[in-house]
Amino acid sequence: MSIYSELQARGFIYQETDSENSKRLLENERVAFYVGFDPTGNSLHVGHLLPIMAMRLLQQAGHMPIVLVGGATAQIGDPSGKQTARPILTKDDVAANAECLKQQLSRFISIADGKAKFVNNIDWFKDMLYIDFLRDIGSKFSINRMLAQESVKQRLETGLSFLEFNYSILQAYDFYILNRDLGCRMQFGGQDQWGNIVAGVELVRKLSQQEVFATTFPLLLDSNGQKFGKTAGGANIWLDVERTPVFEYYQFWRNCEDSEVEKLLCFFTNLPVDEIKRLAALEAPAINRAKEILAFEATRLAHGEDEAKKSYLAAGGKFGFADPAGKIATSSSVTAIKADATAGFDDLPAIELPASEFAGDGMWIIKLFTDAGLCKSNGEARRLLQGGGAYLNDERLTNLELKVTLDMFANGCVTLKAGKKNIKKVILA
RNA sequence: GGUGGGGUUCCCGAGUGGCUAAAGGGGGCAGACUGUAAAUCUGCUGGUUUUACCUUCGGUGGUUCGAAUCCACCCCCCACCA
């Protein structure tokens with residue numbers, strides 16, 4: 001399958017400036033293309049993954065990814081798709097964040113031996129004179145057209161500063177520079193970037209008389225219309241294990257909705273499309289195997305085969321395996337793992353607490369739930385118990401005054417659960 | 001710069017002196033049902049040493065036995081005019 005058909009079949013293509021020529025270009029030439037990232041945080045989250053997976057596919061097909069870090073533009077904040085202006089970052093923040101970004105990206109695309117280029121737009125904006133910019137670039141933009149942009153129109157309702165208004169001009173200029181200096185001929189980005197991206201295509205045409213192309217990805221939403229990549233709780237699922245432990249990362253994918261599995265497998269795994277269609281068409285409860293494969297594959301890409309295996313076994317041990325006999329065919333390496341219900345116990349999320357806490361009268365159960373990180377406050381833990389959602393060693397707790405003592409530990413360990421899915425082992429230190 | 005309208009708990013949004021930790025909705029959490037799914041129903045949704053106390057209604061100060069609610073000043077947002 002050609003790379004273009006692959007992208008299309010997997011649902012990556014939402015809008016294109018020139019479908020026919022993009023296809024021809026991607027199929028017949030080695031193309032330098034760029035995707036921009038805002039270094040606004042020190043970790044990527046699942047919401048960033050769609051363009052990353054696209055870059056991965058394109059790179060595997062022989063194309064050259066240029067990762068643009070928006071060091072300059074991050075200091076402005078893109079108003080597209082945002083309700084309100086974003087806080088402005090310092091230069092040091094941006095530099096540190098850019099480094100984290102590069103490191104996390106390296107799990108998905110090859111960055112060694114110049115297989116991918118990293119650029120920072122601060123490099124061409126920092127010495128730019130305002131007058132020059134206005135004359136050379138500003139003159140190419142029509143305010144009338146900019147005002148007609150959907151993203152701008154929306155912000156006009158609530159207010160838009162001149163600073164933010166300039167964002168699309170800066171992004172357009174990025175494309176111009178990358179085309180001029182690195183021969184970049186395509187830009188990919190989120191659907192919300194369309195206006196900015198098209199502005200770039202036009203600017204390149206006006207300034208360089210070059211034809212360049214752009215494609216946007218669909219915006220992923222969950223069933224509630226929220227941006228994809230948040231937990232139910234609204235917290236982001238990060239690629240940084242400090243923020244999102246691997247087990248939780250795995251569980252995020254494992255808990256996707258039935259109706260989403262096919263889409264998610266297409267976007268976030270490397271499995272062939274026809275296999276995905278077959279897996280996603282499985283009847284309940286076998287559909288759960290598709291979710292296991294999704295979780296395993298997505299975790300494998302982000303955290304490596306070993307970590308993915310641990311999470312698979314830990315989750316399977318706790319909740320059961322969807323296809324323990326391995327009857328459902330798949331090209332995923334998950335099939336090689338023996339579905340052993342006890343093997344993953346050690347890899348459940350755990351916290352160590354000093355044994356002295358449990359000596360004598362023991363530790364108050366409410367405090368234990370809070371200290372273990374399962375509840376944000378004692379009040380929340382109290383409510384959890386009152387609502388019947390708290391478990392100690394798989395027994396439902398009702399006594400708010402319970403003290404956890406050393407004799408409740410088996411092999412130096414007790415298991416806490418907040419609800420059916422949030423598990424934490426407490427290990428004596 | 002002028003005039004008018006606003007800033008309430010995660011979000012939207014009621015509340016115009018005590019009955020207000022603050023209606024209602026959304027979101028979230030938990031329970032039941034299930035397949036670690038969806039839908040549905042139920043409970044909960046500021047903190048603590050929990051029949052009580054503490055913190056919260058843009059900020060500061062004041063009036064009052066008592067303030068999200070009244071007064072003064074300040075900050076910010078929106079609309080129209082300039």
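Bear in mind that the values here come from a model prediction, so they are computed numbers and not experimental data. First the proteins, then the strands, lettered A, B, ... as listed; each starts at 1.
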Task: Distance between P atoms of G2(B) and C10(B) (Å, rounded) - done: 35 Å

Open item on the list: With a 3.5 Å limit on both atom pairs, tell me what A14(B) is paired to, counting Watson-Crick and G-U wobble, or say none.
Closed with: none

TODO: Could you check which of A37(B), U36(B), A30(B) has an atom nearest any side-chain atom of Lys291(A)?
DONE: A37(B)

Task: Centroid-centroid distance, Tyr250(A) to Phe296(A), less than 6.0 Å - done: no

Task: Quiz item: Asn378(A) side-chain donor-acceptor pair to G47(B) base, under 3.5 Å - done: no

TODO: Send over the distance from Lys420(A) NZ to U34(B) P, rounded to a whole Å.
DONE: 12 Å

- [ ] Using whole Å, report how far CG of Leu279(A) lies from P of A37(B).
- [x] 20 Å

Task: Touch class at under 4.0 angstrom, heavy-atom based, for Gln386(A) against every strand present - done: nothing

TODO: Measure centre to centre between the rings of Phe267(A) and Phe217(A), then say whether the value is under 6.0 Å.
DONE: no

Open item on the list: Could you tell me how far apart Glu262(A) (CD) and A38(B) (C1') are, to the nearest whole angstrom?
Closed with: 17 Å

- [ ] Provide the distance between the two C1' atoms, one in A23(B) and one in A14(B), to the nearest whole Å.
- [x] 6 Å

- [ ] To the nearest Å, give me how far apart NZ (Lys367(A)) and P (G47(B)) are.
- [x] 17 Å

Open item on the list: If we count only N and O atoms by modelled type, under 3.5 Å, do the side chains of Ser19(A) and Glu16(A) hold a donor and an acceptor together?
Closed with: yes

TODO: Would you please confirm or rule out a distance under 4.0 Å between OP1 or OP2 of A37(B) and any side-chain N or O of Ser259(A)?
DONE: no

- [ ] Looking at every strand, decide which applies to Arg383(A) at a 4.0 Å heavy-atom threshold: base, sugar-phosphate, or nothing.
- [x] sugar-phosphate

TODO: Could you state the atom-to-atom distance from NZ of Lys417(A) to P of U36(B) in whole Å?
DONE: 11 Å

Task: Candidate nucleotides U49(B), U36(B), A37(B), ranked by approach to the side chain of Asp258(A) - the nearest - done: A37(B)

Task: Nearest-neighbour nucleotide for the Glu257(A) side chain, A38(B), U36(B), G31(B) considered - done: A38(B)

Open item on the list: Checking side-chain polar atoms at under 3.5 Å, does Gln15(A) have a donor or acceptor matched by the opposite partner on Thr215(A)?
Closed with: no

- [ ] Would you classify Arg289(A) as touching base, sugar-phosphate or nothing, given that sugar-phosphate means primed atoms plus P, OP1 and OP2, and contacts are heavy atoms under 4.0 Å?
- [x] nothing

TODO: Could you give the distance separating U69(B) and A21(B) at their P atoms, to the nearest angstrom?
DONE: 14 Å

Task: Shortest side-chain distance from Arg396(A), nucleotide among U48(B), G31(B), U36(B) - done: G31(B)

TODO: For C57(B) versus A68(B), give the span between their C1' atoms, rounded off to a whole number of Å.
DONE: 4 Å

Open item on the list: Side chains of Gln193(A) and Gln171(A): any donor to acceptor distance under 3.5 Å?
Closed with: yes

Task: Selected nucleotide, minimal atom distance to Ala284(A) side chain, candidates A30(B), G35(B), G31(B) - done: G35(B)

TODO: For Lys318(A), report the nucleic acid contact type (base, sugar-phosphate, nothing); a contact means any heavy atom under 4.0 Å.
DONE: nothing

Open item on the list: For a quick check of understanding: with a heavy-atom distance under 4.0 Å over all strands, which category does Tyr250(A) fall into, base, sugar-phosphate or nothing?
Closed with: nothing

Task: Glu260(A)/Lys263(A) ion pair, N-O < 4.0 Å - done: yes

TODO: Can you tell me, in whole Å, how much space there is between the P of U42(B) and that of G25(B)?
DONE: 11 Å

Open item on the list: So, OP1 or OP2 of A37(B): does either fall under 4.0 Å of a side-chain N or O from Lys421(A)?
Closed with: yes

- [ ] Please measure how far the P atom in U34(B) lies from the corresponding atom in G28(B), and state the result in whole Å.
- [x] 23 Å

TODO: Using whole Å, report how far CG of Asn255(A) lies from C1' of U34(B).
DONE: 14 Å

Task: G-U wobble or Watson-Crick pairing nucleotide for U49(B) (cut-off 3.5 Å, both distances) - done: none

- [ ] Using both distances under 3.5 Å as the test, list the Watson-Crick or G-U wobble partner of G1(B), or none.
- [x] C81(B)

Task: Salt-bridge criterion met for Lys277(A) and Asp274(A) (N-O under 4.0 Å) - done: no

Task: Separation between the C1' atoms of C75(B) and G43(B), rounded to whole Å - done: 42 Å

TODO: Provide, to the nearest angstrom, the distance between the CD atom belonging to Glu380(A) and the P atom belonging to U9(B).
DONE: 19 Å

Open item on the list: At less than 4.0 Å, is any side-chain N or O atom of Tyr391(A) found next to OP1 or OP2 of G31(B)? Yes or no.
Closed with: yes

Open item on the list: From CZ of Arg382(A) over to P of C29(B), roughly how many Å is that when rounded to an integer?
Closed with: 22 Å

Open item on the list: Within the 3.5 Å criterion, strictly below it, is a donor on Gln191(A) or Thr216(A) matched to an acceptor on the partner's side chain?
Closed with: no

Open item on the list: Classify Gly379(A) by what it touches in the nucleic acid, base, sugar-phosphate, or nothing, heavy-atom distance under 4.0 Å.
Closed with: base

TODO: Write down the distance separating the P atoms in U55(B) and U48(B), rounded off to the nearest Å.
DONE: 15 Å

- [ ] Would you please confirm or rule out a distance under 4.0 Å between OP1 or OP2 of A30(B) and any side-chain N or O of Asn422(A)?
- [x] yes

Open item on the list: Regarding Ala390(A), tell me which of base, sugar-phosphate or nothing describes its non-hydrogen contacts under 4.0 Å with the strands shown.
Closed with: nothing

Open item on the list: I want to confirm an ordering. Mapping Arg254(A) and Leu384(A) to their closest nucleotides on RNA chain B, which one lands closer to the 5' end?
Closed with: Leu384(A)

